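It should be emphasised that the depicted structure is a prediction, and the values quoted were computed from it without experimental measurement. Letters A, B, ... mirror the listed sequences (proteins, then strands); counts begin at 1.
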There are 2 protein chains.
Amino acid sequence: MVLIRTCDLEPFQLTDGVPIMPTTTTMPTETAAQTLTDSGLRSTPQREVIYSILLNKRDHPTADEVYARVKTELPSISLATVYNCLETLVGCNLVRAVNFDREPTRYCPNLRPHAHFHDENLGSTYDIDLPPDLLEQIKAILPPGYNASSIEISFRGHTAPEAAQN
Amino acid sequence: MVLIRTCDLEPFQLTDGVPIMPTTTTMPTETAAQTLTDSGLRSTPQREVIYSILLNKRDHPTADEVYARVKTELPSISLATVYNCLETLVGCNLVRAVNFDREPTRYCPNLRPHAHFHDENLGSTYDIDLPPDLLEQIKAILPPGYNASSIEISFRGHTAPEAAQN
DNA sequence: AATTTATTTGGAATGGTTCTAATTCGCACT
DNA sequence: AGTGCGAATTAGAACCATTCCAAATAAATT
């Protein structure tokens, strides 16, 4: 099975400058708490809050940015815990880690297959929906004997000002 | 124009365990020296040797690995110079930097569009030829207003033992 | 040959991330 | 309700790839 090392967002609208929040998301069939305990892990306030922060504002924050946001809710949390929790959430597939070159890792809640677009002017990252058939075609370029467990597709460039999403 | 942030290798053969070295490569129309001076840079021994090392063994070495290899030829070279030279070569498009998550950057001589496959068992990286039409299809998933200057496609997984290339 | 400018160099600094050892927490079992 | 025990959190040190810096060297230009 080929995992998409990529994160998720409902298809955003580009018709005007207004950011469209996902209305229906491919919600996990269980709560985060359930997924955690199913993986033999505990559902802690830190993990829950960090996950909710990721769900809440899907702008692919870095660990530092997550840290800043969590502190408003859990002022005594440590950066190490933020890293630990993010790693845990990635580990049980609630969240995906996203990398652009050697920039700090970004995080987003795990949903469906998509590519990433990184705007070099704004520093923003957007999710690009990936059609299943295209994914199949991409997998098909691998020679026999190559077993891929994950794929990552990322674009770099800039977005037209009128296409601003967030 | 969309650049492929990816490096190159002639299509390797997988029929047996024998690594096939590229026979014909899409050689640059100019020498490295020429490309450098065309970019207003000097052709130095360090730059030339590093470039030749990259051409010589196309196994996507890290800066450290390049450093180790250069030292046999230029024993007094410094690691800082290796980084400088690699950056210079990347800057004038003779070489591509390749990243897998946050692992150390790898380098390969610049040729045609291709994806990367990273074998998690061996730590080896292989180039996967990217058909032009597929590339077009991938670019086509971008919504209007998204102007990509580069694409990167990378696989992670393992290769069957009998498909060993190098 | 002298001057300017680019390049190299070693070592210090940076910055994101991970490690460590100690504390705290949550759950299971009395 | 209290206790014990493994899991989770925490602060700070450590790590490591990479970059920065300031001095030394080399190459091109005058």
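Rounded to an integer number of Å, the gap from CG of Leu86(B) to C1' of dT18(D) is 12 Å. Rounded to an integer number of Å, the gap from Asn99(A) CG to dT17(C) C1' is 12 Å. Remark: C1' of dT14(C) and OH of Tyr83(B) are 13 Å apart, rounded to the nearest angstrom. Atom P of nucleotide dC25(C) and atom CG of Leu74(A) are separated by 13 Å, given to the nearest angstrom. One interatomic measurement links the two molecules: CG of Asp64(A) to P of dT18(C), which rounds to 13 Å at whole-angstrom precision. One interatomic measurement links the two molecules: CG of Asp101(B) to P of dA17(D), which rounds to 15 Å at whole-angstrom precision. If you take CD of Glu103(B) and P of dT17(C), they are 14 Å apart, rounded to a whole angstrom.
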Margin query: Pair Phe155(B), Ile138(A) - check side chain to side chain contact (heavy atoms under 4.5 Å, CB included), show working.
Written below: CA-CA 10 Å; Phe155(B) 299 87; Ile138(A) 295 169; 3.8 Å; yes

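Considering only side-chain N and O atoms, Arg102(A) lies nowhere under 4.0 angstrom from the phosphate OP1 or OP2 of dG16(C).
A salt bridge is defined here as a Lys NZ or Arg NE, NH1 or NH2 lying under 4.0 Å from an Asp or Glu carboxylate O, and Asp59(A) with Arg69(A) meets this definition.
Applying the side chain to side chain contact (heavy atoms under 4.5 Å, CB included) criterion to Ala80(A), with sequence neighbours excluded, gives Ser78(A).
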Under a 4.0 Å heavy-atom criterion, the protein footprint on nucleotides 4-12 of chain C, written with B, S and -, is -BBSSBB--

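Within the 4.0 angstrom heavy-atom criterion, no nucleotide atom of any strand lies near Thr62(B).
Under the 3.5 Å distance criterion, with hydrogens and angles disregarded, a donor-acceptor pair is assigned to the side chains of His118(B) and Thr125(B).
Taking CG of Asn84(A) as the start and CZ of Arg47(A) as the end, the distance is 8.0 Å to the nearest 0.5 Å. Here the straight-line distance linking atom CD1 of Ile77(A) with atom NZ of Lys71(A) works out to 10.0 Å at 0.5 Å rounding.
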